[in-house]
Participant: 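I have a structure I would like to understand better, so I am pasting it below and will then ask my questions one at a time.
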Amino acid sequence: MLYILLSYFAVLYVVSRLVARKSTDSVFYRGDRQSPWYLVAFGMVGASISGVSFVSVPGMVLSSGMTYLEVCTGFIIGYFVVAYVLLPIYYKSNLTTIYEYLRHISDEAYKVGSLFFVISKLLGAAAKFYVPCFIISRIMDWNFSLTVVGMLLLVWAYTRRGGIKSLVWTDTVQTLCMMVCLLLIIWGLWHDVGAGNEVSALVGETARRLDLSIFSTPKAAVNVVSGIFIVIVMTGLDQDMMQKNLTCRTLRDAQKDMCSYGFAFLPVNALFLGLGVLLAALHFQQGSPLPDKADELLTSYCIQRGGMVLTLFMLGIVATSFSTVDSALTALTTTICTMNVKRKRSYVHLLMAAAMAVCCILFDRLNTTSLIDAVYTLVSYTYGPLLGLFSFVLTRRHIRRMRRYGILTVCLLSPLLCLLLAQLTPLLTDYSFGYELLLINGLLTYGGLWLMQLPEKQQQENL
């Protein structure tokens with residue numbers, strides 16, 4: 001397995017060196033705006049599906065059936081909103097990082113937005129990277145800390161020169177690798193379950209036992225709307241996800257890339273959920289109990305099968321993990337360096353890799369699943385203020401000056417109020433908030449920013 005991992009890294013390293021022979025800021029941050037849109041679209045699929053998703057999405061059929069497809073349907077609409085509302089603004093403003101657009105409010109807004117992104121992305125990427133590193137270290141019986149450091153050094157090595165220009169091509173390789181591994185695992189599982197009519201009958205029985213109906217649940221409409229806003233915030237307002245799109249030659253190319261990627265996201269996730277259905281069907285066929293944790297559905301099967309299936313599983317995790325972390329590392333470096341041009345890019349890039357490694361190792365030292373869940377919850381809350389900040393700029397023609405530290409205060413209080421709301425609502429009612437809490441977070445931020453504006457009279461006196 002070590003030989004396969006090193007060979008895989010060698011391919012990525014060679015591709016990155018061939019593509020990005022120059023190491024300039026324009027190459028690292030923008031890819032010289034020469035990326036083919038179809039490569040960006042294909043690579044974005046792998047960048048969106050992290051190692052956690054590779055493990056968790058098949059298990060969703062046990063906990064929530066196929067309702068994730070309702071959210072994915074909302075994703076498609078969200079990608080069109082990003083393509084035809086946000087991308088024209090970013091291209092017209094000729095931005096290096098999308099948070100520079102927040103300067104329309106003030107420099108404080110730009111810095112607060114960038115800070116929220118850096119914290120969210122660093123913790124979120126570390127949490128996503130922790131899970132595959134943990135699985136790989138346990139399966140291979142490697143030291144966890146050395147596994148994290150070694151894998152991040154590999155990512156740093158092939159991204160340090162070419163940055164985003166390299167990633168457009170290496171993520172294409174990694175998405176292709178991930179899809180091949182997924183299809184081969186499904187093909188092998190199909191033969192394990194049976195063939196022909198036997199599989200169809202067993203899958204039908206599994207669908208009835210797990211209730212795999214979609215668009216008939218009470219929260220179907222809420223899931224679709226939530227999916228729209230998840231994409232707007234976690235793609236359209238995320239430097240990590242938008243940086244590749246901003247490397248396309250023209251706005252038209254970037255829009256084609258975004259829409260194509262949006263349509264591709266639904267069938268890819270349908271494949272992962274289909275894999276989960278086949279895994280559940282195999283358990284029912286064998287009469288074995290389903291795993292207590294949904295995330296273990298695919299992992300336990302691959303470990304039991306061993307051989308080529310386990311190798312494909314490990315390679316798929318590595319491909320999705322590398323694709324997620326390399327773009328996060330590049331986006332973090334870009335955001336910090338543009339906030340302070342005096343920072344040397346190579347030092348910041350290495351520092352971000354080290355910070356991510358430290359976070360992963362701390363997660364392991366504390367060794368609690370609830371900590372990882374808490375980190376994901378924190379990251380989801382910190383995207384709400386970004387939604388409020390951008391909405392405030394986009395919907396107001398005239399923005400008055402803000403009270404000192406008003407923007408920071410609002411962006412800190414809004415997630416805390418949402419957290420309080422999420423904790424109290426189930427105690428007082430039968431309703432529990434889900435993805436829609438992101439929208440409420442954004443609305444609270446918007447309202448808080450409106451209240452923090454100085455009155456017109458005071459504005460004129462200050463001038």
Participant: Looking at Y381 versus F116, is the centre-to-centre ring distance below 6.0 Å?
Facilitator: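 Between Y381 and F116, the centre distance exceeds or equals 6.0 Å.
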Participant: Kindly compute the distance separating OG1 (T159) from OH (Y13), expressed to the nearest 0.5 Å.
Facilitator: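 That separation rounds to 11.0 Å.
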Participant: Hey, are T147 and S137 close enough side-chain-wise for a donor-acceptor pair under 3.5 Å?
Facilitator: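 There is no such pair (donor and acceptor under 3.5 Å, judged by atom type) between the side chains of S137 and T147.
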Participant: Short question: side chain of S114, backbone of T335 - any donor-acceptor pair under 3.5 Å?
Facilitator: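 No; judged by distance alone, with no hydrogens or angles, the pair does not exist.
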Participant: If I compare all heavy atoms of S145 with all of R365, which pair ends up nearest, and what's the gap?
Facilitator: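 Shortest heavy-atom contact: OG-NH2, 3.3 Å.
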Participant: For the residue pair Y110 and Y99, is the inter-centroid distance of their aromatic rings smaller than 6.0 Å?
Facilitator: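 No, the ring of Y110 stays outside the 6.0 Å limit from the ring of Y99, centre to centre.
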Participant: Under 3.5 Å, side chain of S414 to main-chain N/O of C411, donor-acceptor pair present?
Facilitator: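 No; zero donor-acceptor contacts below 3.5 Å.
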Participant: So does L246 get a backbone contact from the side chain of R33, meaning a donor-acceptor N/O pair under 3.5 Å?
Facilitator: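 Such a contact is found between R33 side chain and L246 backbone.
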Participant: Before we go on, tell me: are the rings of F75 and Y261 under 6.0 Å apart, centre to centre?
Facilitator: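 Here the rings of Y261 and F75 have centres that are no less than 6.0 Å from each other.
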Participant: Going from CG on D240 to CZ on F117, what distance comes out if it is rounded to the nearest 0.5 angstrom?
Facilitator: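 Rounded to the nearest 0.5 Å, the CG-CZ separation comes to 5.5 Å.
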Participant: Does the side chain of T395 come under 3.5 Å of the side chain of Y446 through a donor N or O and an acceptor N or O?
Facilitator: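 Distance-only check passes for T395 and Y446.
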Participant: Ignoring hydrogens and geometry beyond distance, is a side-chain donor-acceptor pair present between D192 and Y301 at under 3.5 Å?
Facilitator: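 The criterion, which ignores hydrogens and geometry beyond distance, is satisfied for Y301 and D192.
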Participant: Roughly how far, to the nearest 0.5 Å, is the NZ atom of K121 from the NZ atom of K128?
Facilitator: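 Taking NZ in K128 and NZ in K121, the distance rounds to 5.5 Å.
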Participant: Testing T324, T320, D326 one by one against Q174 for a side chain to side chain donor-acceptor pair (under 3.5 Å), which residue passes?
Facilitator: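 By the side chain to side chain donor-acceptor pair (under 3.5 Å) criterion, Q174 pairs with just one of T324, T320, D326: D326.
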Participant: How long is the gap from OH on Y101 to CG on L95, to the nearest 0.5 Å?
Facilitator: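 One finds 9.0 Å between OH of Y101 and CG of L95.
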Participant: Is it true that, when you exclude F263 itself, more than 12 heavy atoms of the residues, nucleotides or ligands shown sit nearer than 6.0 Å to its CZ?
Facilitator: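 No, CZ of F263 has 12 or fewer neighbouring heavy atoms, counting only those of other groups under 6.0 Å.
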Participant: At what distance, to the nearest 0.5 angstrom, does CG of L329 lie from NE2 of H349?
Facilitator: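 One gets 4.5 Å once the value is rounded to the nearest 0.5 Å.
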Participant: Between K244 and D171, is the closest basic N to carboxylate O distance under 4.0 Å?
Facilitator: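 Yes, charged N to carboxylate O under 4.0 Å.
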Participant: Under a 3.5 Å distance rule, please check whether Q243 uses its side chain to pair with a backbone N or O of T97 as donor and acceptor.
Facilitator: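 No, because the side chain of Q243 does not come within donor-acceptor range (under 3.5 Å) of the backbone of T97.
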Participant: Tell me, yes or no, whether the heavy-atom count around R249 atom CZ, taken from other residues, nucleotides or ligands under 6.0 Å, exceeds 12.
Facilitator: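 For R249, atom CZ is crowded (more than 12 foreign heavy atoms under 6.0 Å).
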